[in-house]
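Take a look at the structure set out below.
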Amino acid sequence: MRRFPRKKITSVERAGKHLLIKLEGKLCLVIHLGMSGKMLLLPKSSPPPKHTHLVIHFKEFAEKLCHNDPRRFGYIHAVTGDGLRNLDCLLKVGPDATQLTKKRFDRMVKAKHRMIKPLLLDQSFIAGLGNIYSDESLHKAKIHPRRLSHTLRSSQLDSLRLAIRTTLRQAIVAGGSSLNDETYLNVDGELGRFQLQLRVYGREGERCFHCGRTIRKIIVSSRSTYFCPRCQPAQKR
DNA sequence: CTGCCCCCCTGTCCGC
DNA sequence: TGCGGACAGGGGGGCA
């Protein structure tokens, strides 16, 4: 990793699942946390934890910011000048999941002939949704994860769009989802609380809070997928 | 275009 | 107590 000494951070932004730390002089760090990545503020004096790949030192704070990622599925790009606008991983970022308009979402989804869950996970289609929040959104909207996108009615698409927005908003308020292995921690090293509100994700064999039916787990496009067979029935054919 | 399979990597958990 | 296998919040690539 190159060194960018004595640069002031001018802004911190987000593009889908990418974190953008912009520095003076058209420098930018583009960070993706992958599955196990964390950004942790730690005391200057403490040794960086195992699997720390980048440390940002601050002149005026008592902490340093450590990027930690045991599985190394994440990455960091350091770009200069026009590099940011040409960065391949950013060019592929679709419209943000929290900013979807009814008109556009309808048009986008109906134009595809794909199962809805993998479509929601496709970051070039919609940016920001991962496995947990896709399942939660589909349950909230009462849509089966294998439902084909072009067969969804407009009313269902509106339910889904709002379910996505609500799910993400609630998850953010709750500080994110820290599952059993506590891989997710916020920048202060604290656990999230949204795992306590999950309605389907990770609840195989437990009862649906809405109808009481047993939550099932299936594999959809090689991702674990949780849903309620009664609330989210498969499409009749 | 879409789905399916494999890969990347480390840590944890479960059954034997 | 050890050991092998399955699995995990993501994403990319090859192939049918």
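Here the structure is a predicted model, which means the values were calculated and not measured. Worth knowing before you read on, the calculation uses all heavy atoms, side chains too, and leaves out hydrogens, waters and symmetry mates. Order of the sequence lines sets the chain letters (A, B, ...), proteins ahead of strands, with each chain counted from 1.
The CG-P distance, from A:L33 to C:dG9, rounds to 16 Å in whole Å. A straight line from OH of A:Y75 to P of C:dG11 spans 7 Å, rounded to a whole angstrom. Computed from coordinates, the A:H113 NE2 to B:dC1 P distance equals 12 Å when rounded to whole Å. In this entry the distance linking NE2 of A:H150 with P of B:dG3 reads 11 Å, nearest Å. Here C:dG9 presents its C1' atom at 12 Å from CG of A:D69, a figure rounded to the nearest Å. Distance CZ (A:R223) to C1' (C:dA8): 9 Å, rounded to an integer number of Å. Atom CG of A:L121 and atom C1' of C:dG12 are 14 Å apart (whole Å). As a whole-Å value, the separation of A:N180 CG from B:dC14 C1' is 14 Å.
In this structure, A:S177 reaches neither bases nor backbone, as no heavy-atom distance under 4.0 Å exists between it and the strands shown. When heavy atoms are screened at a 4.0 angstrom cut-off, A:I132 is found touching the sugar-phosphate backbone but no base atom.
Close to C:dG11, at under 4.0 Å from its OP1 or OP2, lies a side-chain N or O of A:K17. Within the 4.0 Å cut-off from OP1 or OP2 of B:dC1, not a single side-chain nitrogen or oxygen of A:K112 is found. For C:dG10, neither phosphate oxygen OP1 nor OP2 lies less than 4.0 angstrom from any side-chain nitrogen or oxygen of A:H32.
B:dG11 takes the anti form, because its glycosidic angle lies more than 90° either side of 0.
In this structure, A:L120 and A:K117 have side chains that are not in contact, with every pair of non-hydrogen atoms separated by 4.5 Å or more. The closest side-chain heavy-atom distance from A:K26 to A:D82 is below 4.5 Å. Looking at A:R114 and A:L148, their side chains never come closer than 4.5 Å, going by heavy atoms from C-beta outward. Residues A:I21 and A:L19 have side chains in contact (heavy-atom distance under 4.5 Å, counting atoms from C-beta outward). A 4.5 Å side-chain heavy-atom check between A:L33 and A:D69 finds every atom pair outside the cut-off. Considering only heavy atoms from C-beta on, A:P48 stays 4.5 Å or farther from A:L42 through its side chain.
Side-chain proximity of A:R114 to C:dG11, C:dC7, B:dG3: nearest is B:dG3. Out of C:dA8, B:dT2, C:dG11, the shortest distance to the side chain of A:Q123 is found at C:dG11. Of all nucleotides listed (C:dG9, C:dA8, B:dC4), C:dA8 comes nearest to the side chain of A:K217.
Summarising the base pairing, C:dG14 is matched to B:dC4 through a Watson-Crick or G-U wobble pair whose two defining distances lie under 3.5 Å. When both pairing distances are held under 3.5 Å, B:dC14 makes a Watson-Crick or G-U pair with C:dG4.
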For nucleotides 6-12 of chain B, 5' to 3', base contacts (B), sugar-phosphate-only contacts (S) and non-contacts (-) with protein non-hydrogen atoms under 4.0 Å give --BBBS-
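Expressed to the nearest 0.5 Å, how far CZ of A:R207 lies from CZ of A:R213 amounts to 11.0 Å.
Nucleotides of DNA chain C nearest to A:K92 and A:S178 differ in position, and the one nearer the 5' end is that of A:S178. Take the nearest nucleotide of DNA chain C for A:H18 and for A:S224: the residue whose nucleotide is more 5' is A:S224.
A donor and an acceptor atom sit less than 3.5 Å apart, one in the side chain of A:T183 and one in the base of C:dG9.
For B:dT2 and C:dG9, the C1' atoms lie 25 Å apart once the distance is rounded to whole Å. Between B:dC5 and C:dC7, the two P atoms lie 13 Å apart (nearest whole Å).
Contacts with DNA chain C (heavy atom under 4.0 Å) in residues 189-205 of chain A: A:Y201, listed by number.
For A:N180, the CG atom counts as loosely surrounded, since its 6.0 Å shell holds 12 or fewer non-hydrogen atoms of other residues, nucleotides or ligands.
By the 30° and 60° cut-offs, the orientation of the rings of A:H113 relative to A:H150 is parallel.
A:F73 forms part of a hydrophobic cluster together with A:M35, judged by ILVMFWY side-chain heavy-atom separations under 4.5 Å.
No close placement of the A:F227 and A:H139 rings is indicated, their centers lying 6.0 Å or farther apart.
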